[in-house]
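Read through the structure below, which is laid out as structure tokens, and then see the notes.
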Amino acid sequence: MIDLSADLGEGAPREDEIWPMIDSANVACGGHAGDDRSMREAARRARETGVRFGAHPSYPDRANFGRRSMAIALPALRESLLEQLSRLRDIAASEGVPLIHVKPHGALYNDAHRDRDLAQTIAAAMRAVDPTLAIVCAASSQMAAAAGEAGIAVVREA
């Protein structure tokens, strides 16, 4: 199966036009972009269009849109990820939309592709928020390996 996905809730113009064309959405949840209003709107659009709803957490780096690697202590990153994921999960639940997956954003995704400790931090935050969440990542990444160790389903990205 091919799943067309898009990173949404990031404030791009004409984003609303994308929803009917995709199967899954990765929604910014406050780290690099997004706020309660944009997350709620995204959850409503997912419900209306039948799009699978996922989180798109990042380093806590709104100034650089999560595009730069950060030297951040892993416990602090875990707390930020817990906050981002929990916030989106709660908003989605209030709109009757299940949170299905997590696809890290930008530099966090790229760094965790190679860094096992970082990948394990992401997996731990995911399990703490909802152990049924899947992670979207490259099959050959450290994220996939860490997810497998944590019992997290992997959605392979190409």
Side-chain angles (χ1 to χ4, degrees), residues 1-62 64-69 80-81 83-115 118-119 121-123 125-127 129-148 150-158:
M1 176 179 121
I2 294 177
D3 179 297
L4 296 177
S5 70
D7 302 339
L8 298 171
E10 296 178 327
R14 302 177 66 177
E15 199 173 86
D16 202 48
E17 297 174 20
I18 296 171
W19 286 93
M21 297 185 278
I22 61 172
D23 302 302
S24 297
N26 313 306
V27 177
C29 41
H32 68 290
D35 56 25
D36 288 356
R37 183 202 54 76
S38 64
M39 288 185 260
R40 188 168 304 285
E41 179 60 26
R44 289 177 182 156
R45 291 296 289 148
R47 185 182 65 233
E48 293 166 3
T49 56
V51 167
R52 286 183 290 280
F53 197 70
H56 201 39
S58 71
Y59 285 121
D61 180 27
R62 293 177 77 86
N64 297 301
F65 199 70
R67 291 185 176 142
R68 294 190 181 161
S69 297
S80 176
L81 294 172
E83 181 181 325
Q84 291 177 62
L85 296 174
S86 297
R87 190 169 163 198
L88 184 62
R89 178 205 57 205
D90 293 348
I91 289 170
S94 75
E95 294 295 331
V97 177
L99 186 61
I100 304 294
H101 66 273
V102 173
K103 180 186 175 197
H105 167 80
L108 179 61
Y109 181 97
N110 293 330
D111 292 347
H113 179 86
R114 298 176 304 278
D115 185 321
L118 194 54
T121 300
I122 294 167
M126 289 174 60
R127 286 206 44 87
V129 170
D130 181 347
T132 68
L133 291 172
I135 190 164
V136 177
C137 61
S140 62
S141 69
Q142 291 299 316
M143 285 185 288
I152 294 171
V154 174
V155 177
R156 295 176 296 156
E157 180 173 54

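Counting begins at 1 with the first residue of the sequence.
The CG atom of Asp35 sits 11.5 Å away from the CD atom of Glu41 when rounded to the nearest 0.5 Å. Here the OG atom belonging to Ser5 is positioned 11.0 Å from the CD1 atom belonging to Ile18, to the nearest 0.5 angstrom. Residue Ser140 holds its OG atom at 11.0 Å from CZ of Arg156, rounded to the nearest 0.5 Å. Taken from NE2 in His56 to CG in Leu108, the straight-line distance is 10.0 Å, to the nearest 0.5 Å. Here the CG-CG distance, from Leu99 to Leu85, works out to 7.0 Å after rounding to the nearest 0.5 Å.
Take Arg62 and apply the side-chain contact (heavy atoms from CB on, under 4.5 Å) test, not counting sequence neighbours, and it matches no residue. Taking Asp115 as the reference, nothing meets the side-chain hydrogen bond (donor to acceptor under 3.5 Å, both in side chains) condition, with sequence neighbours excluded. With sequence neighbours excluded, the residues satisfying side-chain contact (heavy atoms from CB on, under 4.5 Å) with Asp111 are Tyr59, Ser69, Ala107, Arg114, Leu118. Residues that satisfy the salt bridge (charged side-chain N to carboxylate O under 4.0 Å, His left out) test with Arg89, not counting sequence neighbours, are absent from this structure. Not a single side-chain hydrogen bond (donor to acceptor under 3.5 Å, both in side chains) links Glu83 to another residue, sequence neighbours left out. Applying the side-chain contact (heavy atoms from CB on, under 4.5 Å) criterion to Leu4, with sequence neighbours excluded, gives Ile2, Asp23. Ala42 is linked by a side-chain contact (heavy atoms from CB on, under 4.5 Å) to Trp19, Val27, Phe53, counting only residues two or more places apart in sequence or in another chain. For Phe65, the ring-ring contact (aromatic ring centres under 6.0 Å, His included) test picks out His32, His105, with sequence neighbours left out. Partners of Arg47 according to the side-chain hydrogen bond (donor to acceptor under 3.5 Å, both in side chains) rule, which considers only residues two or more places apart in sequence or in another chain, are Glu95. In this structure, His101 has no ring-ring contact (aromatic ring centres under 6.0 Å, His included) partners at least two apart in sequence or on a different chain. Ser94 meets the side-chain hydrogen bond (donor to acceptor under 3.5 Å, both in side chains) test with Arg40; sequence neighbours excluded.
Under the 3.5 Å distance criterion, the side-chain polar atoms of Gln142 are left unmatched by any main-chain donor or acceptor of Ala119.
Minimum heavy-atom separation, Leu8 to Ala25: CD1-CB, 3.9 Å. Closest of all the heavy-atom pairs between Ala123 and Ala150 is CB-CB, 4.2 Å. Closest of all the heavy-atom pairs between Met39 and Cys29 is SD-CA, 3.7 Å. Here the closest heavy-atom approach between residue Ser58 and residue Ser80 is recorded as O-OG, 4.5 Å. Here the closest non-hydrogen pair linking Ala43 and Val97 is O-CG2, 3.3 Å. Minimum interatomic distance between Ala139 and Ala144 (heavy atoms only, all atoms of both residues): O-CB, 3.4 Å.
Residues Ile152 and Val102 have side chains not in contact (no heavy-atom distance under 4.5 Å, counting atoms from C-beta outward). Residues Lys103 and Asp7 form a side-chain contact, since some pair of their non-hydrogen atoms from C-beta on lies under 4.5 Å apart. Two residues are said to be in side-chain contact when any heavy atoms from C-beta on lie closer than 4.5 Å; Arg45 and Val51 fail this criterion.
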For residues 129-137, which side-chain N or O atoms pair as donor and acceptor with protein atoms under 3.5 Å away, sequence neighbours left out?
residue : atom : partner : partner atom : Å
Asp130  : OD1  : Thr132  : N            : 2.9
Asp130  : OD1  : Thr132  : OG1          : 2.7
Asp130  : OD2  : Thr132  : OG1          : 3.3

Notebook entry, point to check: Would Asp36 and Arg87 satisfy salt bridge (charged side-chain N to carboxylate O under 4.0 Å, His left out), going step by step from the backbone distance to the final call?
Noted result: CA-CA 8 Å; Asp36 288 356; Arg87 190 169 163 198; 2.7 Å; yes
